[in-house]
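Just the heavy atoms: all of them, side chains too, but no hydrogens, waters or symmetry mates, feed the values below.
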Amino acid sequence: MPPDAYFAFGTHPHHGFVATATQTMPANLAHWFLTREQFEPVPEQPGMYRLTNPDYDGMRRTRQAVHDLRRHGYAVHADYSLDPVLTPGPPHNPMAVPEHTERRSRIARAAAGRSPQPGPALTTSPPSARPIPPKPAYAPTVHLTASATGRSR
């Protein structure tokens with residue numbers, strides 16, 4: 001690890017994707033940055049943070065965290081597979097990601113089927129409209145005077 005690095009990212013056999021801050025980074029600032037990048041403190045190991053929901057696109061999210069911290073000007077050490085500068089990322093094709101395939105197929109099956117909830121009764125009559133009041137039998141007569149119209153005789 002480079003001596004000037006502020007953060008280190010890697011993988012752990014029990015915690016998945018992990019990050020830690022070096023001694024040159026204040027602990028409160030490291031906590032602030034890493035929690036914003038969706039990492040949470042590991043209770044039994046102070047100073048170590050693990051990615052929340054690592055099964056949900058963990059590799060991409062960890063690589064994004066490395067990229068974000070570098071963009072803020074911090075030197076970051078990352079394992080070879082997690083370093084976006086050294087290795088290309090996985091192809092970004094959301095339709096090809098197997099973890100989303102099952103969820104999408106469930107949604108498609110649900111959309112294709114009928115709802116188990118009873119809906120409104122279907123009718124063939126036209127929708128009811130607001131009744132139109134009858135026309136009055138007489139029309140009021142308005143008498144205008146010359147002064148009301150602005151004309152003089």
Side-chain angles (χ1 to χ4, degrees), residues 1-137 139-140 142:
M1 181 168 50
D4 60 340
Y6 290 98
F7 295 96
F9 287 81
T11 57
H12 190 274
H14 301 295
H15 301 296
F17 299 102
V18 294
T20 185
T22 61
Q23 297 296 327
T24 56
M25 174 61 77
N28 61 340
L29 189 58
H31 177 80
W32 189 86
F33 273 115
L34 291 173
T35 54
R36 295 312 179 273
E37 293 292 341
Q38 300 178 356
F39 282 80
E40 63 186 2
V42 177
E44 58 271 6
Q45 294 185 350
M48 182 183 282
Y49 292 79
R50 65 182 167 210
L51 185 65
T52 59
N53 301 321
D55 295 331
Y56 182 70
D57 207 12
M59 174 77 75
R60 185 199 60 79
R61 291 170 48 218
T62 304
R63 291 168 60 89
Q64 184 65 47
V66 171
H67 173 74
D68 291 345
L69 290 170
R70 285 181 177 159
R71 194 178 61 211
H72 284 295
Y74 292 102
V76 178
H77 173 75
D79 286 353
Y80 183 78
S81 63
L82 300 175
D83 197 336
V85 173
L86 299 177
T87 58
H92 185 67
N93 184 357
M95 295 305 289
V97 178
E99 61 194 35
H100 299 296
T101 306
E102 174 63 27
R103 180 173 181 267
R104 287 197 177 125
S105 65
R106 282 195 327 262
I107 292 171
R109 283 193 308 271
R114 293 200 55 159
S115 173
Q117 298 177 351
L122 299 176
T123 61
T124 57
S125 63
S128 62
R130 194 173 88 194
I132 300 174
K135 286 189 173 183
V142 178

From OH (Tyr74) to OG1 (Thr22), nearest 0.5 Å: 11.0 Å
Residues in side-chain hydrogen bond (donor to acceptor under 3.5 Å, both in side chains) contact with Asn53, at least two apart in sequence or another chain: none
ring-ring contact (aromatic ring centres under 6.0 Å, His included) partners for His67, two or more places apart: none
Side-chain donor/acceptor pairs under 3.5 Å, residues 27-34, sequence neighbours excluded:
| from | atom 1 | to | atom 2 | distance (Å) |
| --- | --- | --- | --- | --- |
| His31 | ND1 | Tyr49 | OH | 3.0 |

Heavy-atom side-chain proximity of Val66 to Phe7 below 4.5 angstrom: no
Pairs involving residues 69-82, ordered by first then second residue, that meet salt bridge (Lys or Arg N to Asp or Glu O under 4.0 Å) (sequence neighbours left out): Asp68-Arg71, Arg70-Asp83
Set of side-chain contact (heavy atoms from CB on, under 4.5 Å) partners for Gln23, sequence neighbours left out: none
Shortest non-hydrogen separation from Leu51 to Gln38 and the atoms involved: CD1-O, 3.4 Å
Student check: side-chain heavy atoms of Phe17 and Met59 closer than 4.5 Å: yes
Heavy-atom pair with the smallest gap, counting every atom of Gly47 and Thr20: O-OG1, 3.0 Å
Point-to-point distance, once rounded to the nearest 0.5 Å, from CG of Leu82 to CZ of Arg61: 12.5 Å
All pairs passing salt bridge (Lys or Arg N to Asp or Glu O under 4.0 Å) where residues 35-44 contributes a residue, at least two apart: Glu40-Arg50
Side-chain heavy-atom pair Val76, Tyr6 within 4.5 angstrom cut-off: no
